[in-house]
2 protein chains.
Amino acid sequence: MVEQAHIADTAALLNSALAPSRRIVHAGEAVYQAGIGFTHLHFAHSGAFKVVNLAQDGREQIVGLKFRGDWLGLDGIANGVYACDAVAMDTGELWSFRYDALLAACAQQPALLTALHQAMGLQMAQSRNSLMSVCTLPADARVANFLHEWALALQARGLRTDQIALRLTRAEIGNHLGMTLETVSRALTLLSRMQLIAFPVKGRRDIAIPDIDGLDDFVQDSLAGLGPVLH
Amino acid sequence: MVEQAHIADTAALLNSALAPSRRIVHAGEAVYQAGIGFTHLHFAHSGAFKVVNLAQDGREQIVGLKFRGDWLGLDGIANGVYACDAVAMDTGELWSFRYDALLAACAQQPALLTALHQAMGLQMAQSRNSLMSVCTLPADARVANFLHEWALALQARGLRTDQIALRLTRAEIGNHLGMTLETVSRALTLLSRMQLIAFPVKGRRDIAIPDIDGLDDFVQDSLAGLGPVLH
DNA sequence: CGTGTTATTGACGACCCTCAAAATGGGTGG
DNA sequence: CCACCCATTTTGAGGGTCGTCAATAACACG
């Protein structure tokens with residue numbers, strides 16, 4: 001898993017083995033775009049990013065969210081062309097590497113290859129879990145599970161989880177979870193009524209999570225046949 | 001993408017660089033199981049396999065289907081433990097490699113690393129597409145899209161697509177696509193009534209697909225707002 | 001302070017899930 | 001070879017969840 005210490009190790013390894021080109025990106029800025037040739041992988045040193053998959057027929061979906069320690073651009077490996085758009089959700093720093101240079105460095109530094117493969121494996125695991133969430137959980141539980149995972153991701157990186165900034169609109173959350181924005185909104189008010197989340201005094205974009213495990217309990221409860229307590 | 005020629009190249013490469021341990025598996029036999037330590041990757045030289053993701057709470061879902069040329073066991077890379085069960089759906093031959101030996105060989109043979117990464121990239125692409133299918137398509141179109149992709153997978157491997165053996169129950173298809181077995185059944189009868197698929201004289205387990213592109217047209221039509229022609 | 005985007009909430013309807021029954025086919029033993 | 005059994009599939013009827021449409025409210029921006 002991604003942990004604070006593990007991220008620092010990887011960063012040090014990258015610094016010693018290669019000369020990363022650092023790049024500051026701002027909210028809304030594209031890291032790369034679907035369709036352009038795949039040349040670089042990007043290591044997120046800070047920031048938050050969304051990865052949007054594009055189909056030929058125009059459908060688009062947010063398939064991943066990336067934070068410090070995650071890699072961006074893996075979707076370009078399969079076909080030599082990026083399959084997704086990657087967009088910064090706030091200011092962040094990226095370390096970019098030519099893919100061929102990275103592979104060459106991996107030949108010298110086995111630990112580098114291990115780190116890269118773990119990142120790829122982690123991405124596959126996240127995809128599996130997303131699919132299972134969408135296929136097996138009702139809408140409310142899906143939102144709860146989404147928030148739970150977001151909080152865990154922040155926690156693993158040593159960030160505060162009692163007050164998190166989603167940086168996604170209800171429509172984007174719904175797009176990612178396979179439901180409409182209205183359903184997202186209703187789920188959030190339900191969770192808030194159940195005291196599993198809370199909105200700060202002003203604005204409903206940020207969310208406070210008093211008890212992370214409570215969200216997971218809610219998910220497990222909705223699996224237990226009978227809907228969760230309270231309507 | 002996976003193509004017949006590409007598979008042969010990879011197989012030759014594996015043979016020259018390593019001494020794969022060959023293994024014949026039969027329908028229903030487990031290739032590996034979730035929870036056991038990750039040691040080997042398995043290259044499918046022939047056969048058909050299902051990959052079943054297991055959650056701690058007991059939920060399970062078919063997250064992937066593998067054929068000749070695909071790799072099995074990638075789900076173990078992230079945590080050093082397999083995250084899924086892999087089960088043979090009919091008789092097939094696997095070439096198994098110790099992961100560490102494979103990595104060592106990759107250091108000598110860059111082409112081997114490229115092949116491995118492409119396989120990983122392909123798996124990520126398939127996961128993205130599964131997620132998008134579940135999140136953006138109505139049930140009928142999801143089934144049509146599923147059959148379309150299955151047919152394309154067989155086609156890319158030089159197998160006949162006019163008569164394919166699914167080897168999955170309706171319940172398993174539904175589990176994979178996020179719907180109930182009844183919905184799968186109804187979707188299949190609809191597609192059959194529309195002449196997009198046909199059942200052979202005896203048994204409804206095998207499916208004939210007269211026109212592969214017709215299935216994709218059906219998917220596109222159901223995206224165009226108004227439901228497909230015919231009810 | 002005004003305007004446009006985003007979010008909330010309600011009413012209604014459609015799609016799909018649930019429950020149930022019948023039919024088909026594969027497999028086994030007589 | 002046939003009869004039987006059981007898993008799988010089909011098909012129907014009804015209900016619940018979530019999508020659609022719409023109006024209102026809250027917020028962010030200049």
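Chain naming here is simple, since letters A, B, ... match the order of the sequence lines and numbering starts at 1 in each.
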Distance, rounded to the nearest Å, where [X] contributes [atom1] and [N] contributes [atom2]:
X        : N      : atom1 : atom2 : value
B:Asp206 : C:dT24 : CG    : C1'   : 15 Å
A:Phe199 : C:dA7  : CZ    : C1'   : 9 Å
B:Ile207 : D:dT9  : CD1   : C1'   : 12 Å
B:Leu177 : C:dC17 : CG    : C1'   : 15 Å
B:Leu190 : D:dT10 : CG    : P     : 13 Å
A:Leu191 : C:dT8  : CG    : P     : 12 Å

Is the number of heavy atoms from other residues, nucleotides or ligands under 6.0 Å of B:Gln195 CD greater than 12?
no
In B/S/- notation, 5' to 3', how is nucleotides 14-24 of chain D contacted by protein heavy atoms closer than 4.0 Å?
----SSBB---
A:Arg167/A:Asp90 under salt bridge (Lys or Arg N to Asp or Glu O under 4.0 Å): CA gap, chis, key distance, verdict
CA-CA 8 Å; A:Arg167 303 174 199 286; A:Asp90 72 344; 3.3 Å; yes
Testing A:Asp75, A:Thr39, A:Asp85 for side-chain hydrogen bond (donor to acceptor under 3.5 Å, both in side chains) with A:Tyr32, which one passes?
A:Asp75
Could you tell me which residues satisfy side-chain hydrogen bond (donor to acceptor under 3.5 Å, both in side chains) with A:His176, sequence neighbours excluded, listed by chain and number?
none
Could you work out how much the helix from C:dC1-D:dG30 to C:dG30-D:dC1 bends, comparing the axis of its first five pairs with that of its last five, to 10°?
50°
A:Arg205 side chain N/O closer than 4.0 Å to the phosphate oxygens (OP1, OP2) of C:dT6?
no
Who are the salt bridge (Lys or Arg N to Asp or Glu O under 4.0 Å) partners of B:Glu93, not counting sequence neighbours?
B:Arg22
Within residues 166-175 of chain A, those residues having any heavy atom closer than 4.0 Å to DNA chain C are A:Thr169, A:Arg170
Among A:Glu29, A:Glu60, A:Glu172, whose salt bridge (Lys or Arg N to Asp or Glu O under 4.0 Å) with A:Lys50 holds?
A:Glu172
Among B:Ser133, B:Ser130, B:Cys135, B:Ser127, find the one that has a side-chain contact (heavy atoms from CB on, under 4.5 Å) with A:Leu131.
B:Ser130
State which residue, out of A:Asp70, A:Ile7, A:Leu94, A:Leu72, fulfils the side-chain contact (heavy atoms from CB on, under 4.5 Å) condition with A:Phe43.
A:Ile7
Once you apply a heavy-atom cut-off of 4.0 Å, does A:Leu181 come out as touching a base, just sugar-phosphate, or nothing?
base
Residue pairs fulfilling side chain to side chain donor-acceptor pair (under 3.5 Å) with at least one residue in residues 183-192 of chain A, sequence neighbours excluded
A:Thr180-A:Thr183
Walk me through it: do A:Thr136 and B:Arg59 pass the test side chain to side chain donor-acceptor pair (under 3.5 Å)?
CA-CA 8 Å; A:Thr136 65; B:Arg59 283 177 294 164; 2.9 Å; yes
For the pair A:Phe146 and A:Trp150, name the ring-plane relationship: parallel under 30°, tilted 30 to 60°, perpendicular over 60°.
perpendicular
